[in-house]
Amino acid sequence: MRWGVLHLQNGIIKLYILHSARLCMNGAVIFNSKTPLKRFRLMPVASITLYWSVNNIHEVATLFMNYSRRRFIGTSSAAATSLGLLPSAQANVNYGTADFILTGGRFFTMDSSFKNVEALAIRGDRILAMGSVDDIANLSSRRTKTIDTTGMTVTPGFIDAHSHPVFANEAVSANVDFRTIPEVQAALRDQAAKTPKGHWVAGHLYDDTKFEEGRPVNRQDLDEVSRDHPIFIRHRGGHTGVVNSMAYEVASITMETPDPDGGKFYRDADGFTGRIAEHALDAFLSVGEWPAIDRAANQENVRLITKRMAAAGLTSTTDAFGSAEDWQAYQDAYYADEMQCRVAFMPSGDIYQAMKSAGIRSGFGDAMLRVGAVKFSADGSASERTMRMSTPFAGRPDDYGILTMSQEEIDAAVDDAVAHGFRVGIHANGDVTIDMVLKAYERVLKGWRGDNPRFRIEHCSLVNPDLLKRIKASGVIPAPFYTYAHYHGEKWHEYGHEKMEWMFAHRSFLDYDIPVAPASDYTPGPFEPMMALQSMVTRKDPDGNVWGPNQRISVKEAMQVCTMNGAYASFEEDIKGSLTPGKLADIVVLEDDPVETDPDQLKHIKIARTMLGGQTVFEG
């Protein structure tokens, strides 16, 4: 280890490596240069010399060995002054004047180093400074725009660590998110009228438990829509669907056809019910004439969904099962300046194979579009009641859920990903599946050298004390659903209250000091962060049922999950997740203070403004 010093000169932060301890005097060093003598705080640094512009001072901090970024910014007033930083604001006019100043509101910085903040300055795409109104006023010029947030609450941009933003493409599919079956049928009839006979009619955002009729859509309901088209409506969870009689004919599925491994064709005394699950979907998706989705439609889909997400206060999301077409769509929207939300892209299937061949690995990209962990799926769905558990579903004593990968397949997938430089995220809802995924991770991590790779368990829905201990010991990041306890309450009767005390276990994860990530799983669950806060804080569904009250967390803890924990899940905690000078100016202004709001009304807090990299992308 060598000692180094930071020096500000002509708009450049210089990191010097010192070879002689004789330069040290009482914890400081005199740097001899043509500029006036200055005193500098010493810090341990990597043994290299680098230069950064002051706008990227946050990158210098990442070089400090055994020093967190927070400790760097929290240097003494003398050290801050020697660097040209205002002691109270952590920046000064040597950086240049601010483009925007936010003032008047309550600031939730999510950074304990910055309390009692009264104003915040932005320059370019970064937070320039934070401090008192008077301090920040020193950064103003005639071109600086002031945003008055009086009576409002300013927070970091919210982050969704697991979503499927482009899963529902309304350009070629009917939205069937209705509460009566006749409404679903009407939407499908409209879609069939635009579709050639014999071609598939598709529907999306179907939810089997929310109908006023008290039952799901079945095969006969879809037969009433059309017998000239195969019809497929996909559950918003993505793991199940409902098809009509012609769909079975097109797929050559008869009552004698066995269920596929990891899938199921549901039957009753009258034959097929129409419901299909997991790998059974493949038999229909791979045959017949499906609607064509062109490149322009995919790009427009990205524009529309990221606009909606920005309006909800999301500044970063994650595509947790991306295809080659999805990657292309994000790239097209990005270069057309149409993305209003940052995207971490978790590749799967064809694009994963292509990235491996091209030498692309996790971390490739920039702050707007970056390759994350590779995604695999090892069991069924929580909301569709197919996840693999050690105990059966309530009222179904022989139903333990569905596995979609064996232990050998999980092991091989993890080995291959690590060999190609990819982090790993595996969908595992049930306790049986979580155990299998942890076994694969523990085997790879045994004797691991280097930084924690932060392997992920997507959903990680049903846990127990043993699993929690192993998750903590392995440095694994769980990403449980953050809106499910509230939004999908009518489904939890099929698990029962005892299981729900260990499902979506945010309280347990935090108690075990596990950096639990925020996850909507949209389209299966709503992505709105305000609903997420309400769901995690109350665990109460719209009918007033409370599911797992022992897993409640506080509003401040929920905000931590949705900001810093989200950034940590993608290795981006140094650039986003808190209001900190040097980080990206991803900022949300709320009309109300979540801490002061009735917990049962949190989802109704309105978004007044969303800023992405210092630019307003939504204004209420």
Side-chain angles (χ1 to χ4, degrees), residues 164 167-195 200-248 265-277 281 284 291 304-305 308 381-386 395 481 483-495 520-528 531 534-535 540-545 547 603-604:
H164 305 279
F167 186 70
N169 196 326
E170 298 194 22
V172 296
S173 178
N175 186 335
V176 295
D177 186 16
F178 297 107
R179 297 300 172 260
T180 69
I181 292 173
E183 288 176 300
V184 171
Q185 291 173 315
L188 292 170
R189 286 191 185 99
D190 289 342
Q191 189 71 19
K194 301 181 290 185
T195 305
W200 283 96
V201 171
H204 63 273
L205 290 182
Y206 164 66
D207 196 324
D208 64 317
T209 64
K210 297 189 182 295
F211 291 111
E212 293 177 7
E213 290 87 349
R215 67 170 180 86
V217 171
N218 59 36
R219 173 174 58 88
Q220 291 83 358
D221 295 325
L222 299 186
D223 285 344
E224 291 176 11
V225 172
S226 176
R227 290 184 176 271
D228 296 323
H229 303 84
I231 300 176
F232 178 104
I233 59 172
R234 192 161 195 159
H235 198 283
R236 66 181 301 146
H239 291 251
T240 64
V242 184
V243 296
N244 67 348
S245 296
M246 188 174 179
Y248 289 102
F265 306 117
Y266 287 81
R267 302 165 167 91
D268 62 16
D270 297 322
F272 289 119
T273 67
R275 188 183 189 218
I276 55 177
L281 276 64
F284 300 89
L304 290 173
I305 190 59
R308 287 178 54 205
S381 161
S383 64
E384 296 163 87
R385 290 87 68 211
T386 59
F481 308 105
T483 54
Y484 267 35
H486 171 75
Y487 183 78
H488 284 304
E490 74 283 351
K491 298 175 174 63
W492 308 139
H493 296 283
E494 297 189 45
Y495 293 90
S520 72
D521 200 35
Y522 176 82
T523 58
F527 54 69
E528 287 78 4
M531 184 187 290
Q534 180 169 327
S535 186
K540 187 185 296 183
D541 71 20
D543 294 327
N545 299 304
W547 300 101
K603 69 179 182 181
H604 299 300

Under the ring-ring contact (aromatic ring centres under 6.0 Å, His included) rule, collect the residues that match up with Phe527, sequence neighbours excluded. Tyr522
Partners of [X] by salt bridge (Lys or Arg N to Asp or Glu O under 4.0 Å), sequence neighbours excluded?
| X | value |
| --- | --- |
| Lys603 | none |
| Arg189 | none |
| Asp228 | none |

Looking only at side chains, do Asp268 and Thr273 share a donor and an acceptor under 3.5 Å apart? no
Are side-chain N/O atoms of Ser245 and Arg227 paired as donor and acceptor at under 3.5 Å? no
Give a yes or no answer on whether the side chain of Asp543 reaches the backbone of Asn545 with a donor-acceptor pair at less than 3.5 Å. no
For the atom pair [atom1] ([X]) and [atom2] ([Y]), what is the distance rounded to the nearest 0.5 Å?
| X | Y | atom1 | atom2 | result |
| --- | --- | --- | --- | --- |
| His235 | Glu384 | NE2 | CD | 4.5 Å |
| Phe284 | Tyr248 | CZ | OH | 5.0 Å |
| Asn175 | Glu183 | CG | CD | 11.0 Å |
| Phe178 | Gln185 | CZ | CD | 12.0 Å |
| Ser226 | Gln191 | OG | CD | 12.0 Å |
| Ile233 | Asn244 | CD1 | CG | 10.0 Å |

Between [X] and [Y], what is the shortest heavy-atom contact and its length?
| X | Y | value |
| --- | --- | --- |
| Pro216 | Phe211 | CA-CD1, 4.4 Å |
| Arg236 | Pro526 | NH2-N, 4.3 Å |
| Phe232 | Ile276 | CE1-CD1, 3.8 Å |
| Ile181 | Glu213 | N-OE2, 3.0 Å |

When you check the gap from the basic side-chain N to the acidic O, do Lys491 and Asp207 get nearer than 4.0 Å? yes
Do Lys210 and Asp208 sit within salt-bridge range, that is, some charged N less than 4.0 Å from a carboxylate O? no
What orientation do Phe481 and Tyr484 show, parallel under 30°, tilted 30 to 60°, or perpendicular over 60°? parallel
When you measure from the centre of the six-membered ring of Tyr266, is the NZ or CZ of Arg275 closer than 6.0 Å and no more than 45° off the axis? yes
Of His488, Glu494, Glu490, the residue whose pairing with Trp492 passes side chain to side chain contact (heavy atoms under 4.5 Å, CB included): His488
Taking side-chain contact (heavy atoms from CB on, under 4.5 Å) as the definition, give me every residue that meets it alongside Ala202, ordered by chain and number, with sequence neighbours left out. Ser173, Trp290
The side-chain hydrogen bond (donor to acceptor under 3.5 Å, both in side chains) partners of Arg234 (sequence neighbours excluded) come to none
Looking at side-chain heavy atoms only, is the closest gap between Asp221 and Arg215 below 4.5 Å? yes
